[in-house]
Each structure stands twice: as C-alpha cells, then as structure tokens.
Amino acid sequence: MADVLNYGGDGGDEPPHQHANRLQADCQTDFDTKEGTYLPTGENQKYLSRVVGTYVRQFVHPYFDRWANVPEEQKASATSCVYEFFDVNPIRYSKADYKLIVDGIEDTAARRYRQYKADVNAYIRDKGTAVPYRGLTTDVWEKCIERSSSQKFKDISMTNKVNREKINYTSLQGSKTIVATRFDMRDPQTQEWPSVIETFKVNHQRNGEWVNERAASDYEKMVEEREEQTQQASSSSVAVNENDVVLKVLGERRGHRRAVGRVLRGTSRSHSSTTRLRDQQSTSESIQATNALKSKMETYMQQMNEFITLLTSNLQSVMPGYLSDL
C-alpha cells in the first residue's frame, strides 16, 4: 500500500468525493490511558475515526445486525488502516494498556459500522431500493433490503427511537471526542487535566449559552454536590473524586462515563475503581509521609531543647555569672 492515504471526509457517503484528504503514513498518535477511554488524543486524533470509517465502508458489508457478526476477515481489513497509517507502537505502552488500545480500535470500527448501516437504511427509506447504495454490489444490496424489511430490524429501530427520545440534551463537541477536548484543555505548564465538571460545561454551552435548562440545572447540581463533598472531605484523608460527583448527579450510562467519554466493555467499573483507589492510596501515602516528617521534627526540636539545657547548665558550672552578664 502507498504511504499516503486518500480518505473522504468523515468516512461518510456525502459528496464531493473528489476532494479527498491526504494522510501521510506513520502519523504520531497518542492514546488516552489516564482516563481509561483508550481513544486517540493529540493533533492527529481526528483522523483515526474518519479513516476507519472509510475502510469500514470499503471492506464490510452493511447487512449484519452487529459488529460481532461481521466475518473476521472483513473486520481485519477494516482496521488494518490504523496500523498502516498511525503510529500504534506497543513498546510505548504496558501490555495491558496496549490490549485495551487494540480493543478500542475495534470499538471505533464498530461505531463507524453502526453509522454506515444507519446511512444505508436512511437511503432505502428516502430513495427506495431501485438504485443500489453507492459501492454496493447487487447481492449485497439485496441482503440490505431484506434486512431493512425484516420485523427484527423494525423492532430494533423502534427501540433505538425510544432510547433517543430519552436523551435530555445533546453535546456540542461535534466529531471531537470528549477525551480529545480534555486533552487539549490541559494546563500548558503542569499538564494537569481539566475538571470533569467544567468539561461538561464546555461541551454543553455555545457562546456562553446552555443547550437547554436541563443541562444548566445539572451543572449547578454537580457544582453544589462537589462543594458539599469538599466540605465533608476537609476533615478526612480522602480527596473528592469528581467522577463520583458526576455519577451521583447524572447517573450511569452503559458504555460511557459522563463528561469523560466511552468505556470499553468490562473496563467501566474496574478502571474507575482503580483510579479512585490509586488516588486514595496517593493521598494516604502523602499524609503518612507528612506525619512521619512532623514526628521527626518534633524529636529534633526536643533533642535541641535538651542540648541547650545541658549547655546552659555546663556554662553555669564552669563560668558562674557568665549568662547573667549577657
């Protein structure tokens, strides 16, 4: 394969196709291991999902119900672009993190595949079945039509519609992932990541205006809960965990950590618990170190006082009246 990849937009089917972007091979790519999303971050993060979307549309047939049902050879072809055009070097990560990065790439492909199927189904709904969707062979097109007319597909569509109606507000982040936004918001001096709660505010405001009253209300509740937990924690050794604050106010969402981003299957609770435990251990170790230093200082001061007392006594015995003359 050439060392330059042409890809169209975000991997979608919208024209003009002739204005493809050109992506050089070996793009420097970092992955988020701190927040546990294992999504790409940095300057080239925006390209990975788009390129995967292009390959998914090129190599995967859009009539399988789930990504898990897609043949392995089609999956491998769809994700091969990542390893060809992005610097995904296992040496830079621990063995466990690298496995989750690979799983994350699969998850990205699965999400792009869902969007591909949605576009095909919308095409069938709006334009009919007379002309195949762009790039599909006759036999693949017929299977897409069969799937879209099945009762199983209609039931799934109805379930998805009901779930969409339950969404309280939309994020204004666009195609940029939450973790990429947070990565760019890091303090330039300390590299400290921004507040999770303030990230929520950034992604739900435009020009200082909230997307709706519910988003504004939830933000205020999170701020109040954080303040309350901060006051309660002032007398304890455990710092306030903003992820816990967000979870308490906004609730849990499957496959997603509120104001942070996606979580891979099987890592949601474990990563959150590990992070919280690491924070607690770090705080506990700091307190122990401080107490140990304080104890050493008290011992030192006691020894100094004893030495001064002894020195004074010796001077009094050797040179009577010397100290009084001073």
Side-chain angles (χ1 to χ4, degrees), residues 1 3-7 9-11 21-56 75-76 78-112 171-200 202-203 242-243 246 255-268 270-272 274-276 278-279 282:
M1 178 165 290
D3 63 351
V4 176
L5 170 67
N6 291 332
Y7 70 95
D10 62 355
N21 297 282
R22 295 174 65 81
L23 182 68
Q24 295 293 331
D26 298 323
C27 286
Q28 178 66 41
T29 311
D30 296 315
F31 289 85
D32 161 48
T33 57
K34 178 183 183 299
E35 299 286 350
T37 66
Y38 298 95
L39 284 164
T41 58
E43 182 180 357
N44 295 314
Q45 59 83 23
K46 60 185 177 182
Y47 299 120
L48 191 144
S49 178
R50 298 176 184 179
V51 173
V52 170
T54 298
Y55 268 55
V56 164
K75 289 182 181 179
T79 58
S80 64
C81 59
V82 175
Y83 306 97
E84 291 181 41
F85 290 95
F86 296 88
D87 178 21
V88 188
N89 192 334
I91 298 177
R92 298 166 54 200
Y93 304 95
S94 69
K95 185 176 181 180
D97 279 341
Y98 183 73
K99 180 183 182 304
L100 289 169
I101 288 171
V102 172
D103 290 345
I105 293 169
E106 279 282 319
D107 182 76
T108 296
R111 292 168 186 262
R112 302 306 294 182
S171 175
L172 300 177
Q173 69 197 54
S175 60
K176 191 173 185 178
T177 63
I178 298 176
V179 74
T181 298
R182 286 173 51 72
F183 184 84
D184 292 343
M185 289 171 61
R186 293 175 306 162
D187 186 288
Q189 300 298 325
T190 65
Q191 297 299 300
E192 182 179 356
W193 286 59
S195 160
V196 176
I197 296 174
E198 297 311 309
T199 302
F200 175 90
V202 168
N203 285 332
E242 285 201 352
N243 289 315
V246 173
H256 186 85
R257 283 173 62 200
R258 305 279 190 175
V260 174
R262 78 162 182 204
V263 287
L264 300 176
R265 186 183 300 274
T267 64
S268 175
S270 61
H271 182 83
S272 178
T274 300
T275 301
R276 181 163 52 252
R278 184 168 59 245
D279 292 342
S282 177

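For the numbers below, each heavy atom of this structure counts, side chains included, while hydrogens, waters and symmetry mates do not.
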With a 3.5 Å cut-off and no angle check, do the side chains of Asp32 and Thr41 form a donor-acceptor pair?
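Checked: Asp32/Thr41 side chains show no N/O donor-acceptor pair below 3.5 Å.
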Partners meeting ring pair (Phe, Tyr, Trp, His ring centres under 6.0 Å) with Phe31 (sequence neighbours left out):
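Ring pair (Phe, Tyr, Trp, His ring centres under 6.0 Å) check on Phe31 returns nothing, list empty.
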Nearest heavy-atom pair of [X] and [Y]: which atoms, and what distance?
X	Y	answer
Arg112	Ser49	CD-OG, 3.3 Å
Ile105	Tyr83	CD1-OH, 3.6 Å
Ala109	Val52	CA-CG1, 3.6 Å
Asp30	Tyr93	CA-OH, 3.7 Å
Phe86	Cys81	CD1-O, 4.1 Å

Looking at side-chain heavy atoms only, is the closest gap between Leu48 and Val82 below 4.5 Å?
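Yes; the side chains approach each other to less than 4.5 Å.
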Salt bridge (charged side-chain N to carboxylate O under 4.0 Å, His left out) with [X]: which residues, sequence neighbours excluded?
X	answer
Arg111	Asp107
Glu43	none
Asp103	Lys99
Glu106	none

Counterpart residues, side-chain contact (heavy atoms from CB on, under 4.5 Å), relative to Ala78 (two or more places apart)
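Testing Ala78 for side-chain contact (heavy atoms from CB on, under 4.5 Å), a comparison that skips the adjacent residues, returns Val56, Val60, Trp67.
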Spacing of CZ belonging to Phe85 relative to OG1 belonging to Thr29, to within rounding of 0.5 Å:
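Reported value, rounded in 0.5 Å steps: 12.5 Å.
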Rounded at 0.5 Å granularity, tell me how far CG in Asn89 sits from OH in Tyr98.
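Spacing of CG (Asn89) from OH (Tyr98) equals 8.0 Å.
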List the steps and the verdict of side chain to side chain contact (heavy atoms under 4.5 Å, CB included) for Thr177 and Thr37.
CA-CA 10 Å; Thr177 63; Thr37 66; over 6 Å; no
Taking Leu39's backbone N and O only, do any of them form a donor-acceptor pair with Gln45's side chain (distance below 3.5 Å, no angle check)?
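Answer holds: no.
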Could you walk me through whether Thr199 and Trp193 pass the side chain to side chain contact (heavy atoms under 4.5 Å, CB included) check?
CA-CA 10 Å; Thr199 302; Trp193 286 59; over 6 Å; no
Salt bridge (Lys or Arg N to Asp or Glu O under 4.0 Å): pairs with one or both residues in residues 182-195, sequence neighbours excluded
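Passing the test, one end in residues 182-195: Glu35-Arg182, Lys176-Asp184.
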Can you list the residues that meet the side chain to side chain donor-acceptor pair (under 3.5 Å) rule with Thr181, with sequence neighbours excluded?
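With neighbours one apart ignored, the set is empty.
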